[in-house]
Amino acid sequence: MSKRYELGLNELDSLVKELPSSGIIALRGNLASGKTTLSKAIINNQNIVTSPTFSIMQEYDGIYHYDIYQGGFEAIKQNGLYENLYEDGLHIIEWADDKLLEFASKNGLNVCIIDIEICDNKRVYKVSYA
């Protein structure tokens, strides 16, 4: 089952309220599709202020944000971060790929997949669960 949202960047609250508060949120989309903007909206919804500096993984009071720029699951493995996925909390992963989804499925991890596409001045968010 999947849901489709067509939203402007200032309308993300309606989507964020529908997302899980734990497990993995796998964000997929082209460069500049809005993955980081959605990540910030999810994190800010928890009243957490994000740091202006960023590394591959940043932890904000139980929310883990991974930006593995086009590296997919291999980048998570190479940086020794896959074990973090077993930690309680919410894991937001930008540039998620099929290998990540396969790993999560084989290891019983809950995954919400969000595919993002640009559509005029809005974004289309297709939300499904693996």
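Numbers for residues simply follow the sequence, beginning at 1. What's counted below: heavy atoms across the whole structure, side chains too, no hydrogens, waters or symmetry copies. Small disclaimer: the values here were computed from a predicted structure and weren't measured.
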Can you tell me how far [atom2] of [Y] sits from [atom1] of [X], rounded to the nearest 0.5 angstrom?
X     : Y      : atom1 : atom2 : result
Ile24 : Ile93  : CD1   : CD1   : 5.0 Å
Ile63 : Gln58  : CD1   : CD    : 12.0 Å
Ser2  : Ile113 : OG    : CD1   : 10.0 Å
Ile92 : Leu27  : CD1   : CG    : 7.0 Å

Tyr69: partners by ring-ring contact (aromatic ring centres under 6.0 Å, His included), with sequence neighbours left out: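 Tyr69: ring-ring contact (aromatic ring centres under 6.0 Å, His included) contacts with Trp95.
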Partners meeting ring-ring contact (aromatic ring centres under 6.0 Å, His included) with Phe73 (sequence neighbours left out):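 Counting only residues at least two positions away or on another chain, Phe73 forms a ring-ring contact (aromatic ring centres under 6.0 Å, His included) with Phe103.
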Trace of the side chain to side chain donor-acceptor pair (under 3.5 Å) decision for His65 with Tyr60: CA-CA 8 Å; His65 178 205; Tyr60 307 98; 4.7 Å; no
Is a side-chain N or O of [X] found less than 3.5 angstrom from the main chain of [Y], in a donor-acceptor match?
X      : Y      : result
Ser105 : Leu101 : no
Glu59  : Gly62  : yes
Asp97  : Leu100 : yes

So which atom in [X] and which in [Y] form the shortest heavy-atom distance, rounded to 0.1 Å?
X      : Y      : value
Val111 : Ala104 : CG2-CB, 3.4 Å
Ile116 : Ser33  : CG2-O, 3.3 Å
Ala32  : Ile118 : O-CD1, 3.7 Å
Leu19  : Cys112 : CD2-SG, 4.0 Å

Go through the structure and list residues passing salt bridge (Lys or Arg N to Asp or Glu O under 4.0 Å) with Lys17, not counting sequence neighbours.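 Applying salt bridge (Lys or Arg N to Asp or Glu O under 4.0 Å) to Lys17 gives none.
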For [X], give me all partners under side-chain hydrogen bond (donor to acceptor under 3.5 Å, both in side chains), at least two apart in sequence or on another chain.
X      : value
Lys3   : none
Thr36  : Glu94
Asp98  : Arg28
Glu102 : Lys106

Scan the side chains in residues 79-90 for donor-acceptor partners under 3.5 Å anywhere in the protein, sequence neighbours excluded, and list what turns up.
{"residue": "Asn79", "atom": "ND2", "partner": "Ala75", "partner atom": "O", "Å": "2.7"}
{"residue": "Tyr86", "atom": "OH", "partner": "Asn107", "partner atom": "OD1", "Å": "3.0"}

Contacts of Thr37 that satisfy side-chain contact (heavy atoms from CB on, under 4.5 Å) - sequence neighbours left out: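 Residues passing side-chain contact (heavy atoms from CB on, under 4.5 Å) with Thr37: Leu9, Leu12.
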Taking the side chain as every heavy atom from C-beta outward, state whether Glu11 and Tyr5 have any atom pair closer than 4.5 Å.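 They are not in contact (no side-chain heavy atoms under 4.5 Å apart), so the answer is no.
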Report yes if the side chains of Ser14 and Leu7 come closer than 4.5 Å at any heavy-atom pair, otherwise no.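 Yes, side chains in contact.
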Per the side-chain hydrogen bond (donor to acceptor under 3.5 Å, both in side chains) rule, what does the pair list look like for residues 121-130, sequence neighbours excluded?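 Of all non-adjacent pairs touching residues 121-130, those that pass side-chain hydrogen bond (donor to acceptor under 3.5 Å, both in side chains) are Glu117-Lys126.
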Membership question, hydrophobic clusters at under 4.5 Å side-chain separation (ILVMFWY): are Met57 and Ile76 in the same one?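 Same cluster: Ile76 reaches Met57 through Ile, Leu, Val, Met, Phe, Trp or Tyr contacts under 4.5 Å.
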